[in-house]
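Only one structure is covered here, and it is reproduced in the block below.
For ligands, and for the atoms within them, numbers begin at 1 and follow the listed sequence.
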Amino acid sequence: MDNQTKTIFITGGTRGIGKQVALKFAQNKYNLVINYVSDKTDVDELKEELKKSGAKDVILSKADVTNANQMEDLIKTAIETFGKIDVLVNNAGITKDNLLLRMSEEEFDKVIEVNLKGTFLVTKLVSKYMIKAHKGSIVNLSSVVGVSGNSGQCNYSASKAGIIGFTKSTAKELASRNIRVNAVAPGFIDTDMTENLSDSVKENIYKQIPLNRMGSANEVAELIYFLGEDTSSYITGQVINIDGGMIM
Ligand code: NAD
């Protein structure tokens with residue numbers, strides 16, 4: 001087993017922000033562990049793309065972050081194959097938007113289950129190995145709406161605000177084990193999650209962004225790379241907005 005090569009685990013890393021994070025760490029010669037649920041991505045093609053970009057090795061597996069058994073199996077495979085997980089990015093997330101009075105219990109529960117409970121389950125499983133290694137960096141995907149709230153997203157914003165509390169608590173718990181935990185709070189990023197918005201909705205959103213544009217998944221990946229690596233070794237428990245100035 002090659003102990004020099006670092007390993008990153010990215011949940012939901014087949015598209016959008018997660019895929020850009022995978023490419024960024026691949027370019028820096030990491031081993032990659034990626035899971036996803038159903039999506040249109042051709043996973044064999046993606047695996048090839050990541051290897052061509054520089055990844056040492058890639059485990060790409062269909063596994064649901066809300067299923068503790070599936071996550072445990074995947075993490076065990078990763079440890080057996082690579083020996084350690086240096087960086088964890090809790091990226092998998094969904095939206096099921098609706099106004100409060102129209103929101104069903106299912107819509108509320110599902111978003112909390114994937115975004116918040118999924119982050120808890122995966123962090124608990126991976127941190128066990130980071131504690132043994134006495135080293136690690138965890139980056140959780142929150143959102144500006146977890147800080148500011150947003151009409152039509154009470155489930156999603158509650159899950160993302162929950163991630164902020166979770167990040168700060170785990171940062172305090174794990175600091176003595178040399179494990180850092182931070183959150184990034186992206187604003188309006190150009191991915192599948194935002195592509196269905198109409199042009200008029202997008203124009204209205206741009207008016208609230210001083211930089212007057214959407215961010216790219218690559219810009220978020222650059223920040224996550226900084227937080228994952230030792231260049232950010234004195235930063236823990238922070239929530240870093242990446243939103244073109246939307247929230248100041
Ligand atoms: P996306 O919809 O493009 O990709 C989401 C990924 O998560 C996919 O790979 C999907 O397979 C995976 N996924 C969904 N449910 C899963 C589950 N139960 N188990 C495992 N994987 C699952 O999303 P994105 O826009 O790239 O967003 C990534 C993260 O960033 C999310 O947590 C999202 O809430 C957050 N975020 C996005 C934006 C934005 O504007 N796009 C803004 C703020 C925060």
| task | Would you please test Ser216 and Asn218 for side-chain hydrogen bond (donor to acceptor under 3.5 Å, both in side chains) and show each step? | result | CA-CA 5 Å; Ser216 72; Asn218 185 51; 5.0 Å; no
| request: Record the part of Ile94 in heavy-atom contact with ligand 1 below 4.0 Å; permitted values are side chain, backbone, both and neither. | output: side chain
| field | Of Leu74, Ile10, Ile8, the residue whose pairing with Val33 passes side chain to side chain contact (heavy atoms under 4.5 Å, CB included) | value | Leu74
| said: Measuring from atom NZ of Lys56 to atom NZ of Lys6, what distance do you get when rounded to the nearest 0.5 angstrom? | reply: 12.5 Å
| remark: In this structure, atom 9 (O) of ligand 1 is nearest to the protein heavy atom Thr14 OG1, 2.9 Å
| message | Within the 4.0 Å heavy-atom shell around Gly187, which atoms of ligand 1 are there? | response | 40 (O), 42 (C), 43 (C)
| request: Just need the protein heavy atom nearest to atom 28 (C) of ligand 1, so name the residue and atom and give the distance. | output: Asn91 OD1, 3.1 Å
| request: Could you grab the distance from atom CG of Asp192 to atom CD1 of Ile189, nearest 0.5 Å is fine? | output: 13.5 Å
| said: Counting non-hydrogen protein atoms only, what is the nearest one to atom 2 (O) of ligand 1? Give residue, atom name and distance. | reply: Arg15 NH2, 2.8 Å
| task | Please write down residue, atom name and distance for the protein heavy atom closest to atom 44 (C) of ligand 1. | result | Ser142 O, 3.3 Å
| message | Give me the nearest non-hydrogen protein atom to atom 34 (O) of ligand 1 as residue plus atom name, then the distance to 0.1 Å. | response | Tyr156 OH, 2.5 Å
| Tell me, which protein residue and heavy-atom name are nearest atom 25 (O) of ligand 1, and how many Å apart are they? | Thr191 OG1, 2.5 Å
| Exam field: side chain Asn150 to backbone Gln153, donor-acceptor pair closer than 3.5 Å | no
| So which heavy atom in the protein is nearest atom 19 (N) of ligand 1, and how far is it from that ligand atom? | Val65 N, 2.9 Å
| task | Just need the protein heavy atom nearest to atom 40 (O) of ligand 1, so name the residue and atom and give the distance. | result | Ile189 N, 2.9 Å
| Residue part near ligand 1, for Ala63, under 4.0 Å between non-hydrogen atoms | backbone
| request: Using a 4.0 Å heavy-atom cut-off, say whether Thr95 meets ligand 1 through its side chain, its backbone, both or neither. | output: neither
| request: Answer yes or no: is there a donor N or O on one side and an acceptor on the other, between the side chain of Arg180 and the main chain of Val139, under 3.5 Å? | output: no
| Are side-chain heavy atoms of Asn115 and Ile94 found at a separation under 4.5 Å? | yes
| query | Between the side chain of Ser53 and the main-chain N/O of Leu23, is any donor-acceptor distance below 3.5 Å? | reply | no
